[in-house]
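If you read the sequence from its start, that first residue is 1, and numbering goes on from there. What you see below is based on every heavy atom in this structure, not just the backbone, and it leaves out hydrogens, waters and symmetry mates.
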Amino acid sequence: MGATIQRTLILLKPDALQRDLIGAVVGRFERKGLKIIGMKMIRLEDAVLDTHYAHIADKPFYKDVKEFMMSTPVVAMVLEGQDAIAAVRLILGPTRGYEADAGSIRGDFSIGVASNLVHASDSAEAATAEIDRFFNVNELFEYEKITDKFFYEG
């Protein structure tokens, strides 16, 4: 059975922006053949962060996470491709950079648990909710790439 075409949300966090790593990170996704169908720089607001991080809102470190995520704009992206959610998570490596293999984004660039550069959806359900949270329908684009036509397995 062939792979499933999926969409996933990516947030390039303030540390990626501050350390001039946006191009390096985006390039990893592009080299994997993932298609960027939406991309923008945004400032995150309280309400969005409270919803996005509801699963850690009761943790003592949440205030620090929220302040960090609001410290600079972030780059939000929607990627599309074969099993995009799993592919992105493999490219990223584990949340804790010290556990990530060399060659992964976090293995190569992360400098701590809080400074792990990128948020990515962890399931199809989360991807749908997160894409809707950060993007309007008119901000997502359909287009054909050569990889769509010749390289996707059916």
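Within 6.0 Å of the NZ atom in K59, the count of heavy atoms belonging to other residues, nucleotides or ligands does not exceed 12. Within a 6.0 Å sphere centred on CG of D101, other residues, nucleotides and ligands contribute 12 heavy atoms or fewer.
Under the side chain to side chain contact (heavy atoms under 4.5 Å, CB included) criterion, N136 pairs with N138, E139, sequence neighbours left out.
With R106 contributing its side chain and G93 its backbone, the two residues share a donor-acceptor pair below 3.5 Å.
G103 and D108 make their closest contact through N-OD1, 2.8 Å (heavy atoms, listed as atom of the first residue, atom of the second, distance).
Counting only heavy atoms from C-beta outward, the side chains of L17 and D15 never approach each other to under 4.5 Å. Between V26 and M39 the shortest side-chain heavy-atom distance falls below 4.5 Å. Between D122 and I85 the shortest side-chain heavy-atom distance does not fall below 4.5 Å.
Seen from the ring of Y53, K66 does not count as a face-on cation partner, given the 6.0 Å and 45° thresholds. Both the sub-6.0 Å distance and the 45° axial angle are satisfied by K40 relative to the ring of F135.
Across Q6, R7, R89, E130, a single residue satisfies side chain to side chain donor-acceptor pair (under 3.5 Å) together with S121, and that is E130.
Using a cut-off of 4.0 Å between Lys/Arg side-chain N and Asp/Glu carboxylate O, R133 and E45 are scored as not salt-bridged.
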